[in-house]
Amino acid sequence: CEQLQGQGLDALQVRMPGFVDMMAEPHKTRIPQAAIEAVIGWFGKAPPCEGGPIAFSSEEAVLTAGTFRERAVAIGGSSHLAGIVCEPSTPAQRELPLVVLLNAGAAYRPGPNRWYLLLTRKLATLGFRCLRADVRGLGDSASADRDRHADPYDAGIFHDIEAITDYAVTQLGARRI
């Protein structure tokens with residue numbers, strides 16, 4: 001900070017609360033709300049940082065890349081679960097099962113080292129439709145309890161799995177999962 005100030009730049013170094021909790025083992029992390037508020041305040045825009053679902057429109061969040069396309073989806077109504085559907089760019093010639101991949105521990109929907117992302121894209125080129133989904137409190141899926149964020153052992157995950165499979169059947173038309 002002093003070196004930047006010595007060069008005539010406006011620099012400020014502040015220790016923010018919550019660093020240790022944020023850097024803990026993935027299933028023990030806590031969102032540093034006070035630090036987020038402080039940074040937002042520093043930028044001069046200090047709306048309250050409320051937890052909750054991220055709102056998005058699946059029509060706006062589509063990636064098409066040659067042999068596959070991906071789109072963001074909101075799953076489960078009040079569950080506020082987030083997912084990505086990856087499917088062939090052209091309809092498959094035969095009825096294949098929908099492949100569903102959930103969080104691996106505290107890792108979010110791209111999977112450990114983006115393995116789920118790469119796997120679903122390859123499967124889509126082979127004609128499979130895939131759904132990568134975050135269960136409550138992981139990735140972009142909200143948790144009703146802020147203290148349970150990034151908890152891969154939340155008992156409510158079984159309800160999330162039911163919501164995800166219901167979505168697959170009712171919204172994606174899956175006959176086999």
Side-chain angles (χ1 to χ4, degrees), residues 22-32 36 50-177:
M22 178 180 68
M23 299 305 293
E25 293 293 321
H27 61 283
K28 294 181 181 179
T29 60
R30 302 230 185 264
I31 297 172
I36 292 170
E50 298 294 327
I54 294 174
F56 58 86
S57 167
S58 60
E59 283 74 36
E60 296 175 41
V62 176
L63 165 71
T64 302
T67 58
F68 68 88
R69 75 182 193 112
E70 293 183 327
R71 60 189 164 94
V73 295
I75 302 167
S78 63
S79 296
H80 307 299
L81 305 176
I84 301 289
V85 174
C86 184
E87 55 197 353
S89 294
T90 57
Q93 298 299 321
R94 60 191 194 282
E95 180 68 28
L96 295 170
L98 175 75
V99 176
V100 176
L101 296 169
L102 304 176
N103 305 89
Y108 73 121
R109 70 183 169 278
N113 299 313
R114 299 179 65 232
W115 188 75
Y116 287 2
L117 179 137
L118 299 171
L119 175 64
T120 57
R121 288 178 176 176
K122 180 62 176 177
L123 288 172
T125 66
L126 298 174
F128 288 87
R129 291 184 309 143
C130 304
L131 172 60
R132 301 187 309 265
D134 288 332
V135 294
R136 70 182 64 202
L138 296 172
D140 290 322
S141 293
S143 176
D145 181 356
R146 280 185 162 174
D147 291 334
R148 298 300 298 247
H149 181 79
D151 180 1
Y153 308 110
D154 188 314
I157 289 174
F158 294 107
H159 297 290
D160 297 349
I161 294 169
E162 182 178 7
I164 291 165
T165 55
D166 286 347
Y167 179 88
V169 171
T170 62
Q171 302 301 311
L172 300 177
R175 293 187 180 139
R176 295 186 298 158
I177 300 174

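What you see below is based on every heavy atom in this structure, not just the backbone, and it leaves out hydrogens, waters and symmetry mates. Not measured: the values here are computed from a predicted model.
Residues passing the side-chain contact (heavy atoms from CB on, under 4.5 Å) test with L119 are L101, W115, L123, sequence neighbours excluded. T170 pairs by the side-chain contact (heavy atoms from CB on, under 4.5 Å) definition with nothing, not counting sequence neighbours.
Counting all heavy atoms, side chain and backbone alike, T64 lies closest to R69 at OG1-CB, 3.8 Å. Nearest heavy-atom pair, R136 versus I157, reported as atom, atom and distance to 0.1 Å: NE-N, 4.0 Å. Nearest heavy atoms, I75 versus A133: CD1-CB, 4.2 Å. Minimum heavy-atom separation, F128 to P97: CD2-O, 3.5 Å.
The backbone N or O of C86 sits nowhere less than 3.5 Å from a side-chain atom of R132 that would complete a donor-acceptor pair. Under a 3.5 Å cut-off, the side chain of N103 and the backbone N or O of V135 do form a donor-acceptor pair.
Atoms CG and CD1, from L102 and I161 in turn, are 5.5 Å apart once rounded to the nearest 0.5 Å. To the nearest 0.5 Å, the span separating CG on L131 from OH on Y167 amounts to 7.5 Å. To the nearest 0.5 Å, atoms CD (Q171) and CD1 (I164) are separated by 13.5 Å. From R176, atom CZ reaches atom CG of L96 across 7.0 Å, with rounding to the nearest 0.5 Å. Distance check, rounded to the nearest 0.5 Å: CG of L98 to CD1 of I177 gives 6.0 Å.
Counting only residues at least two apart or in different chains, salt bridge (Lys or Arg N to Asp or Glu O under 4.0 Å) contacts with residues 115-129 comprise E70-R121.
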